Amino acid sequence: MIDRILAKKITKHLDDNKAIVVLGARQIGKTTLFEQLSNNKTNVLWLNADNLETRNLFDQITVNRLKTIIGDSKYIIIDEAQRIDDIGIKLKLITDQIKSVKLLVTGSSSLELANYIVEPLTGRKWEYKMYPLSFNEMVDHHGFWRESKLLEQRMIYGYYPDVVTSENEKEAIINNLASDYLYKDILSWGKIKKSEKLSTLLKALAFQIGNEVSFNELSRIVGLDKETIEKYINLLEQTFVIFRLKSFSRNQRNELKKSKKFYFYDLGIRNALISNFNPFVFRNDIGVLWENFIIVERMKYVDYNEIYSNKYFWRTKTQQEIDYIEERGGKLFAYEFKWSKNKKAKIPKTFMNAYPDSETMIVTQDNYDVFLGITPDKN
């Protein structure tokens, strides 16, 4: 069993009066996490909203009906809660009217749950974002040395728990997960009928990780208008498939101000979309795989450790660039990522002249453990 970082954070709040909401993509371990947390608890009621019977229980619900359903349960777990209509209001009824119950909720769409849980449960919840397994979690599991030897495998197949724990069927598992992304949640929530267009869009984004993305260009590639492209991308972000970095600018004349780049939360999903699980010796995209890998692992680290920051990339009209910038505590931290040990990298003088108080770092295979917060005791 691989211990999850969120387990300790959530355990601290199991006995207070606030709901616990965990958001993240399907199959990343949300259900397993709650199973572990509730193993030594008594009077646990588990409701899986993927089941029609569970969803029907909540139709035209009243407080008395909720009390009948809950009975003498002390903990109520609602899995994939976004499948229940008007779920936020119904959860608010539980937290407000049945105070003896501890409510734990999972969801695989921040779109549905942000609309229907965040507002009704304001001040009544602890909310967490969960990712696929992280580099740090795997280092905790079996040590830095062993995990570092699996780095190429992680950048090809990703960090989904079923993929990580599988010995021989990684490709088949990640292909099934990619299919679930396309056809189970996004299409139903977004009422998207042109699944082939969504697939084309995802493949286009998969080939453009690390590059500036133009909605107009995507519109031409996919054959949909710009507004629809934006809608589809928003859905992909809300369902934890991709995320964006915006360009950083402080109104320097030469800086790009409205550009954006997209990355995948999991590289296994990205590689499944383009049907490329080739080893590194046969790939020409190792640089962008490294960039995506190190950025998303950094996101996991800062989020799980509650290091609050704004995240950007930086580029000028003359193509000077910095892969990743964090703005925290009123200060800029600039990072450039290089996989190849033979390619020298440096922070552009233009950036240093404009922001002389910034801290900088070139992140390579030799020091990425420091960037990801790996401490000596884990080595």
Side-chain angles (χ1 to χ4, degrees), residues 131-132 135 151-152 154-159 178 200-218 221-222 229 233 236-237 240-249 255-280 282-302 309-326 333-348 350-351 360-365 367-368 371-372:
Y131 295 89
F135 182 84
L151 196 58
E152 178 177 337
R154 304 306 191 210
M155 291 166 64
I156 293 173
Y157 295 105
Y159 266 126
T200 302
L201 173 60
L202 272 167
K203 289 176 183 177
L205 291 169
F207 281 117
Q208 294 189 44
I209 56 173
N211 295 320
E212 295 170 61
V213 171
S214 163
F215 286 174
N216 288 327
E217 180 184 354
L218 290 174
I221 293 172
V222 179
I229 291 293
I233 284 179
L236 292 168
E237 291 181 279
F240 308 106
V241 181
I242 60 173
F243 63 93
R244 77 175 71 194
L245 288 183
K246 296 179 181 179
S247 55
F248 177 82
S249 173
E255 290 175 336
L256 299 181
K257 297 176 175 60
K258 296 183 179 180
S259 296
K260 50 201 166 291
K261 298 197 294 187
F262 289 92
Y263 297 92
F264 281 76
Y265 279 106
D266 187 79
L267 281 171
I269 296 293
R270 182 264 180 179
N271 291 326
L273 288 165
I274 63 173
S275 302
N276 186 354
F277 296 104
N278 290 334
F280 277 15
F282 298 117
R283 302 187 76 105
N284 60 6
D285 59 353
I286 302 173
V288 295
L289 287 177
W290 176 243
E291 184 176 330
N292 194 137
F293 174 86
I294 209 72
I295 288 176
V296 78
E297 290 306 313
R298 176 69 179 183
M299 283 180 59
K300 295 173 187 177
Y301 168 71
V302 298
S309 63
N310 297 316
K311 305 169 183 66
Y312 307 95
F313 73 97
W314 179 84
R315 189 167 291 172
T316 68
K317 295 176 183 176
T318 55
Q319 301 304 305
Q320 292 181 305
E321 63 180 329
I322 296 174
D323 291 329
Y324 179 72
I325 290 175
E326 286 181 0
F333 298 80
Y335 304 98
E336 187 70 12
F337 309 124
K338 291 298 177 186
W339 171 261
S340 174
K341 296 181 180 181
N342 298 322
K343 291 185 178 181
K344 293 184 177 181
K346 60 182 180 180
I347 303 296
T350 303
F351 179 84
T360 65
M361 180 180 183
I362 308 298
V363 181
T364 69
Q365 296 176 65
N367 65 355
Y368 71 96
F371 182 63
L372 299 182

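We count residues from 1, following the sequence as given. On a predicted model such as this, the values are computed, not experimentally measured, just so you know.
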Lys346: partners by side chain to side chain contact (heavy atoms under 4.5 Å, CB included), with sequence neighbours left out
none
As a quick check of understanding, evaluate side-chain contact (heavy atoms from CB on, under 4.5 Å) for Phe264 and Leu273, giving each step before the final call.
CA-CA 11 Å; Phe264 281 76; Leu273 288 165; 3.5 Å; yes
Taking all non-hydrogen atoms of both residues into account, name the closest pair between [X] and [Y] and its distance.
X	Y	value
Leu267	Leu289	CD1-O, 3.5 Å
Ile362	Asn367	O-ND2, 2.9 Å
Leu151	Trp290	CD2-CZ3, 3.8 Å
Phe351	Ala334	CE2-CB, 3.8 Å
Phe207	Asn211	O-ND2, 4.3 Å
Ile156	Pro279	CD1-CA, 3.8 Å

Step through the shown structure and confirm whether more than 12 heavy atoms of other residues, nucleotides or ligands are within 6.0 Å of NZ on Lys311.
yes
Check the surroundings of atom NZ in Lys260: do more than 12 heavy atoms from other residues, nucleotides or ligands lie under 6.0 Å from it?
yes
Audit row: Phe240, Tyr131, side-chain contact (heavy atoms from CB on, under 4.5 Å) steps and yes/no
CA-CA 9 Å; Phe240 308 106; Tyr131 295 89; over 6 Å; no
Could you check whether the rings of Tyr265 and Phe243 sit parallel, tilted or perpendicular, using 30° and 60° as the cut-offs?
tilted
Atom pair [atom1]/[atom2] of [X] and [Y] - distance to nearest 0.5 Å:
X	Y	atom1	atom2	result
Glu336	Asp323	CD	CG	3.5 Å
Ile286	Phe293	CD1	CZ	14.0 Å
Arg244	Ser259	CZ	OG	12.0 Å
Trp314	Ser247	CH2	OG	11.5 Å
Lys257	Lys317	NZ	NZ	5.5 Å
Ile209	Lys261	CD1	NZ	10.5 Å

With heavy-atom distances below 4.5 Å as the criterion, would you say the side chains of [X] and [Y] are in contact?
X	Y	answer
Ile295	Leu245	yes
Leu372	Arg298	yes
Tyr335	Ile294	no
Ile322	Thr360	no

Candidate list Phe337, Tyr301, Phe333, test ring pair (Phe, Tyr, Trp, His ring centres under 6.0 Å), partner Phe371, passing option:
Phe337
If you measure from the Lys or Arg side-chain nitrogens to the Asp or Glu carboxylate oxygens, is any gap between Arg154 and Glu297 under 4.0 Å?
no
Just by modelled atom types, is the Tyr157 backbone N or O under 3.5 Å from a matching donor or acceptor in the Asn271 side chain?
no
Just jot down the salt bridge (charged side-chain N to carboxylate O under 4.0 Å, His left out) partners of Glu321, sequence neighbours excluded, or say none.
Arg315
Kindly say whether the aromatic ring centers of Trp339 and Phe280 come within a distance under 6.0 Å.
yes
May I have the step-by-step check of side-chain contact (heavy atoms from CB on, under 4.5 Å) for Phe262 and Ile233, ending in yes or no?
CA-CA 10 Å; Phe262 289 92; Ile233 284 179; 3.6 Å; yes
